[in-house]
Asker: 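Let me begin by handing over the structure; questions about it come next.
Atoms considered below: every heavy atom in the structure, side chains included; atoms not considered: hydrogens, waters and symmetry mates.
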Amino acid sequence: MDGTVSGLLVRGGELVDGTGAPARRADVRITDGVVTEIGPDLRVVDERVLDAGDATVAPGFIDSHTHFDPTLFWDPTCDPMPQHGVTTVLIGNCSLSLAPLRPEQRGDLSAVFAYVEDMPPSVFADAVPWSWTTFPEYLDALRALPCTVNVATLVGHTPLRMFVMGDDAWDRVATAEERAAMARVLDESLAAGALGLSTSWFDEDANKRPTPSVLADDDELGELFDVLVARGGFVEFIPDVKTSVWRDDVERVARLTGPRGLMSTFNGIFCDNDRPGRILEILDHIAELQATGVRLYPQVSPRGVDVRVNWYGGMSFYGMADTWHRVVQGSADDKRAMLSDRDWRQRARTEWDATHRTMFPHRFPERVRLVEVRDPALTPWIGRTLADLVADRGGHPSDVLADWLLANDLEPGVVGVDVTNADVEGVAAMLRHPAAIISNSDAGAHLQMMCATGDTTLLLSRHVRERDDFALEAAVWQLTGRQATTLGLADRGVLRPGAVADVTVFALDELHWDTEEFVTDLPGAGRRFRRPPGGYRYTVTAGEVTQERDVLTGARPGRVVS
């Protein structure tokens with residue numbers, strides 16, 4: 001060898017190729033970012049050798065439900081996604097993308113994005129360059145970034161409506177002329193490289209105003225869906241899971257996409273802690289739709305949901321619009337005034353009792369854990385629950401929580417534990433259901449409420465290694481080949497000669513899914529939850545090693561996937 005390294009040889013591992021086929025002993029040769037040869041005992045040429053002995057060699061994982069849209073501009077590594085085997089992320093979900101958008105609309109979109117995805121406004125003000133107006137210009141900005149992961153994009157229905165309709169996008173249905181204009185903009189965006197459209201009937205802003213996507217009628221959706229069909233795209237959506245009529249949204253999409261042969265996928269469903277069999281009924285119904293030819297795929301996640309309340313924003317109390325939701329959105333002075341007001345407290349008790357469900361598990365005070373205090377005298381309460389506090393102090397849980405908030409200078413650490421997906425047996429049955437795809441991580445979102453990264457590692461460590469819910473080959477297929485087929489990514493998701501060289505190398509017994517931790521690394525010194533690395537030996541994106549034994553290498557070979 002003359003010292004020149006022209007590629008990689010992943011040597012000595014068990015190849016799980018992403019098709020679901022049985023594992024086999026094989027080396028993988030990579031040249032110029034492409035898999036060029038697969039076979040046992042390949043001869044070493046001028047290349048770096050990656051030791052895969054006693055390990056699995058698999059395609060890089062694809063995460064099809066993330067919200068890294070603003071993150072890419074302050075952390076193009078998407079830490080810690082590469083340390084959990086992820087090589088491709090799909091952004092622009094839930095009707096929210098950063099384009100198309102006119103300059104005067106940036107504040108409104110940033111505000112709703114920050115609220116819905118629980119991100120500090122500083123992320124948008126300090127990190128996003130806003131150097132674009134159209135979606136093709138936005139893709140040019142993404143292509144200019146040196147990213148660690150590959151990035152696939154969706155066009156958000158909310159900014160699309162805002163771009164065409166202006167302020168009216170928030171108030172009414174579109175005219176025929178506006179529908180045609182939206183269709184043209186969507187077509188332009190897909191031609192430039194977007195994979196599809198995302199929409200939502202769930203989301204709203206901090207003032208409880210529905211996002212513009214909620215106001216779209218069937219005529220508007222139909223015209224946009226026709227563009228997707230013509231361009232080979234797909235639609236991602238979130239039904240209004242706040243209400244009991246969310247199934248109507250799913251049926252609506254099925255009615256509009258089925259005859260068109262258009263693929264759709266949706267998120268927002270979980271294994272109900274108190275009714276774990278309900279999710280299987282839902283998935284069985286989706287399977288019946290699929291059997292009629294409707295290409296509709298619900299997304300499910302293995303991760304249980306714990307929610308840390310962000311007392312200065314976010315949607316933890318979205319179901320208590322008149323009282324607790326207003327407290328969370330208010331200033332410090334507003335908070336103190338409301339929490340101390342006798343009338344507010346009466347209304348809060350009434351709304352607390354009348355609200356069936358919100359993100360904060362108010363009906364289950366035993367699931368509300370106290371994890372941090374501001375008054376040192378209250379330190380003995382750390383680790384106990386709101387139920388304990390109510391039992392000790394007496395009174396209505398709303399009043400007890402209000403007093404706790406005031407006693408801790410408006411910033412106590414309060415976490416709703418096991419909000420959903422807590423029944424592991426129920427979660428396993430949900431994950432195994434053939435109608436669903438394993439996705440819905442929400443990575444990059446809710447940064448101050450929870451940590452949504454690491455689903456890949458949880459699936460492999462808990463549901464393959466520990467519980468044997470899946471064969472390894474089936475789990476890898478769920479994270480790779482099935483994702484690629486569903487999204488229409490023809491050149492990745494499977495390891496074969498000619499495929500893009502996105503690879504992850506791991507040994508099952510070396511993986512670990514650890515508790516998230518708060519770190520201060522957001523723009524403006526903001527904090528976020530971060531999952532520690534997962535124990536992967538290597539992650540390779542487009543033929544370059546991006547992480548090695550939990551440490552990022554600094555390589556940023558990611559590209560925009562279209």
Asker: Would you call the rings of Tyr536 and Phe506 parallel, tilted or perpendicular, where under 30° means parallel and over 60° means perpendicular?
Answerer: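 Perpendicular: the ring planes of Tyr536 and Phe506 meet at over 60°.
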Asker: Could you tell me how the ring of His67 sits relative to the ring of His65: parallel (under 30°), tilted (30 to 60°) or perpendicular (over 60°)?
Answerer: perpendicular
Asker: List the residues meeting side chain to side chain donor-acceptor pair (under 3.5 Å) with Asp521, not counting sequence neighbours, and say none if there are none.
Answerer: Arg528
Asker: Could you tell me if His84 and Thr457 have a donor-acceptor pair between their side chains, going purely by distance under 3.5 Å?
Answerer: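 Yes, His84 and Thr457 have a side-chain donor paired with an acceptor closer than 3.5 Å.
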Asker: Between Thr66 and Asp63, do the side chains contain a donor N or O and an acceptor N or O under 3.5 Å apart?
Answerer: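 No - no donor-acceptor pair under 3.5 Å links their side chains.
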Asker: Please round to the nearest 0.5 Å and tell me the distance separating atom OG of Ser316 and atom NE2 of His362.
Answerer: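 The NE2 atom of His362 is 13.0 Å from OG of Ser316, to the nearest 0.5 Å.
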Asker: Do Glu236 and Thr265 have side-chain N/O donor and acceptor atoms under 3.5 Å apart?
Answerer: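 There is no such pair (donor and acceptor under 3.5 Å, judged by atom type) between the side chains of Glu236 and Thr265.
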Asker: With sequence neighbours left out, what residues match Phe266 under ring-ring contact (aromatic ring centres under 6.0 Å, His included)?
Answerer: Phe237
Asker: Filter on side-chain hydrogen bond (donor to acceptor under 3.5 Å, both in side chains), then keep only pairs touching residues 412-427, sequence neighbours left out; what's left?
Answerer: Glu425-Arg467
Asker: Taking side-chain contact (heavy atoms from CB on, under 4.5 Å) as the test, write out the residues that go with Ala436, two or more places apart.
Answerer: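 So Ala436 forms a side-chain contact (heavy atoms from CB on, under 4.5 Å) with Leu283, Pro298, Val300.
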Asker: Do Thr77 and Thr148 meet the criterion of a side-chain donor-acceptor pair at a distance under 3.5 Å?
Answerer: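 Side chains of Thr77 and Thr148: no pair found under 3.5 Å.
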Asker: Step by step, work out the salt bridge (Lys or Arg N to Asp or Glu O under 4.0 Å) result for Arg527 and Glu517.
Answerer: CA-CA 10 Å; Arg527 298 202 299 171; Glu517 56 196 6; over 6 Å; no
Asker: Distance only, no hydrogens: is a donor on one side chain within 3.5 Å (strictly under) of an acceptor on the other, for Ser64 and Gln483?
Answerer: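 There is such a pair (donor and acceptor under 3.5 Å, judged by atom type) between the side chains of Ser64 and Gln483.
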Asker: Tell me, please, whether Phe470 has Arg432 positioned over its six-membered ring: NZ or CZ under 6.0 Å from the ring centre and within 45 degrees of its axis?
Answerer: no
Asker: Can you find a heavy atom in the side chain of Leu142 that is under 4.5 Å from one in the side chain of Phe73?
Answerer: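 Sidechains of Phe73 and Leu142: in contact.
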Asker: Please name all residues satisfying salt bridge (Lys or Arg N to Asp or Glu O under 4.0 Å) with Asp403, sequence neighbours left out, ordered by chain then number.
Answerer: Arg345
Asker: Taking all heavy atoms of Trp246 and all of Arg278, pick out the closest pair and write down the distance.
Answerer: NE1-NH2, 3.5 Å
Asker: Check the side chains of His157 and Ser95 for a donor-acceptor pair under 3.5 angstrom, ignoring hydrogens and angles.
Answerer: no
Asker: Any donor-acceptor pair under 3.5 Å linking the side-chain atoms of Asp353 with those of His396?
Answerer: yes
Asker: Restricting to side chain to side chain donor-acceptor pair (under 3.5 Å), what partner residues turn up for Gln346, sequence neighbours left out?
Answerer: Arg349, Thr350
Asker: Could you pull out the closest heavy-atom pair between Pro523 and Ser122, with the gap in Å?
Answerer: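 Heavy atoms of Pro523 and Ser122 come nearest at O-OG, 2.8 Å.
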Asker: Taking all non-hydrogen atoms of both residues, which atom of Gln329 and which atom of Gly313 are closest, and how far apart?
Answerer: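 The answer is OE1-CA, 3.8 Å.
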Asker: For Glu548 and Thr553, which I'm curious about, is there any donor-acceptor pair between the side chains at under 3.5 Å?
Answerer: no
Asker: Could you pull out the closest heavy-atom pair between Asp79 and Asp75, with the gap in Å?
Answerer: N-OD2, 3.0 Å
Asker: Does Trp170 have Arg209 sitting over its ring (NZ/CZ under 6.0 Å from centre, angle to axis within 45°)?
Answerer: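 Yes, Arg209 sits over the ring of Trp170.
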Asker: Compare every heavy atom of Arg531 with every heavy atom of Thr453, then report the nearest pair and how far apart it is.
Answerer: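 Heavy-atom minimum between the residues: O-NE, 3.0 Å.
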Asker: So, Thr355 versus Trp324: side-chain donor-acceptor pair below 3.5 Å or not?
Answerer: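 Judged by distance alone, the side chains do not pair up.
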Asker: Regarding Asp118 and His446, do their side chains bring together a donor and an acceptor under 3.5 Å, going by distance alone?
Answerer: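 Side chains of Asp118 and His446: no pair found under 3.5 Å.
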Asker: How close do Ile438 and Pro302 get, counting heavy atoms only, and between which atoms?
Answerer: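 In this case the closest contact between Ile438 and Pro302 is CG2-CD, 4.3 Å.
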Asker: Can you tell me how far the CG atom of Leu101 sits from the CG atom of Leu98, to the nearest 0.5 Å?
Answerer: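 Reported value, rounded in 0.5 Å steps: 8.0 Å.
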Asker: Would you check if there is a donor-acceptor pair between the side chains of Ser301 and Asp455 at a distance under 3.5 Å?
Answerer: yes
